[in-house]
There are 2 protein chains.
Amino acid sequence: MGRGKIEIKRIENSSNRQVTYSKRRNGIIKKAKEITVLCDTKVSLVVFGSSGKMHEFCSPSTTLIEMLDNYQRSTGKKLWDAKHENLNNEIDQIKKENDNMQIKLRHLKGQDITSLNHKELMVLEEALENGLVNIRD
Amino acid sequence: MGRGKIEIKRIENSSNRQVTYSKRRNGIIKKAKEITVLCDTKVSLVVFGSSGKMHEFCSPSTTLIEMLDNYQRSTGKKLWDAKHENLNNEIDQIKKENDNMQIKLRHLKGQDITSLNHKELMVLEEALENGLVNIRD
DNA sequence: TTATCTATTTATAACAG
DNA sequence: TCTGTTATAAATAGATA
């Protein structure tokens, strides 16, 4: 698309490389905008130049975070590292504790006790009697 | 770049839109590959078509996760840190529930009841008596 | 460096099978 | 709804300012 054809390999002349980078970066962002509008799609584009400076585009109808959520849903790949997973594990564990307590509470109120055996019922009865004694004191 | 010039607005004819999407998606991915090589840059591109199907490109020298880490560093915007915050909030909330249940359980066992007033004690006594009745049945 | 200018190359809209 | 073709629009390499 220029005065001459170029091979697709690293441009060694650094000022040419910089100029080409700037032009093509604008070009690709323009393309991203266009496909977003023309085809009703969502695009996220992040570019880091070799200098480390960042440029981005994200379709107006969405956010990068939303895109990444969908990305994870689509691919099954995890982006939010181990840390995230640990938190999820913690939540699961606490929820389990929660459920257990819920059950104990119900048992103490005399609910859902058909599944309990004789010994368990006796323990429960004693606990309740102790509780009553303490409260009546 | 075609037989005719088009306006940049949503293509209403859905099969045209689909064809254009497919072509331009390939085009933009090609451009992303080219700028990666030519200019020694890192590019991440994620596209969701209106059907919800995803396509992506990421420069071979990096990964999406690394890109996103750099993104957060560059912009100061939080991507998954925000997610972590949400999870932490959830954990706090469940822990609070947990504590409340813990307290109720202790009360039913007749523990830590000095802080309760007369009415609360009466309610507790009744609950225990009901429980006993149910269990003895 | 950053912008503008064009000869060319490249991408693609419309069309065809 | 795919794949291929082609006339044309758009992008851009190299030059110039």
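Here is how names work: the chains are called A, B, and so on, in the same order as the sequence lines, proteins then strands, and each is numbered from 1.
In this structure, A:Q18 reaches the sugar-phosphate backbone alone: every heavy-atom distance under 4.0 Å involves primed, P, OP1 or OP2 atoms, never a base. Residue B:T20 is in sugar-phosphate contact alone, with no base atom involved, counting any heavy-atom pair closer than 4.0 Å across all strands shown.
A donor N or O paired with an acceptor N or O is found under 3.5 Å between the base of D:dG14 and the side-chain atoms of A:K23.
We find that NZ of B:K53 is positioned 13 Å from P of D:dT1, with the value rounded to whole Å. Rounded to whole angstrom, the span from the CZ atom of A:R17 across to the C1' atom of C:dT1 amounts to 16 Å. The separation between A:I29 atom CD1 and D:dA11 atom C1' is 15 Å, rounded to whole Å. Distance CD (B:E7) to P (D:dA10): 12 Å, rounded to an integer number of Å. Residue B:I8 contributes atom CD1, which lies 16 Å from atom P of C:dA11 at whole-angstrom precision.
Nucleotide C:dT1 is matched to nothing when pairs are restricted to Watson-Crick or G-U wobble geometry with both distances under 3.5 angstrom.
When each of B:R17, B:R10, B:K23 is paired with A:C39, the side-chain contact (heavy atoms from CB on, under 4.5 Å) condition holds for B:R17 and for no other.
Salt-bridge formation is not detected for the pair A:K95/A:E97: no Lys NZ or Arg NE/NH1/NH2 atom is positioned less than 4.0 Å from an Asp or Glu carboxylate oxygen.
Annotation: the span from A:Q18 atom CD to A:S50 atom OG amounts to 7.5 Å, rounded to 0.5 Å.
Closest contact between the side chain of B:K30 and the listed nucleotides C:dT9, C:dA11, D:dA10 involves C:dA11. Picking from C:dC5, C:dT10, D:dA7 the nucleotide with the shortest atom distance to the side chain of B:R3 gives D:dA7. When distances run from any side-chain atom of B:I6 to the nucleotides C:dA11, C:dA13, D:dA10, the shortest one goes to C:dA13.
Ranked by how close their nearest DNA chain D nucleotide is to the 5' end, A:G4 and B:G2 are led by B:G2. Nearest-nucleotide assignment on DNA chain C puts the 5′-proximal partner with B:K31, out of B:K31 and B:V19.
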Exercise. Carefully, step by step, assess A:N13 and A:S15 under the rule side chain to side chain donor-acceptor pair (under 3.5 Å).
Key: CA-CA 6 Å; A:N13 180 304; A:S15 79; 3.2 Å; yes
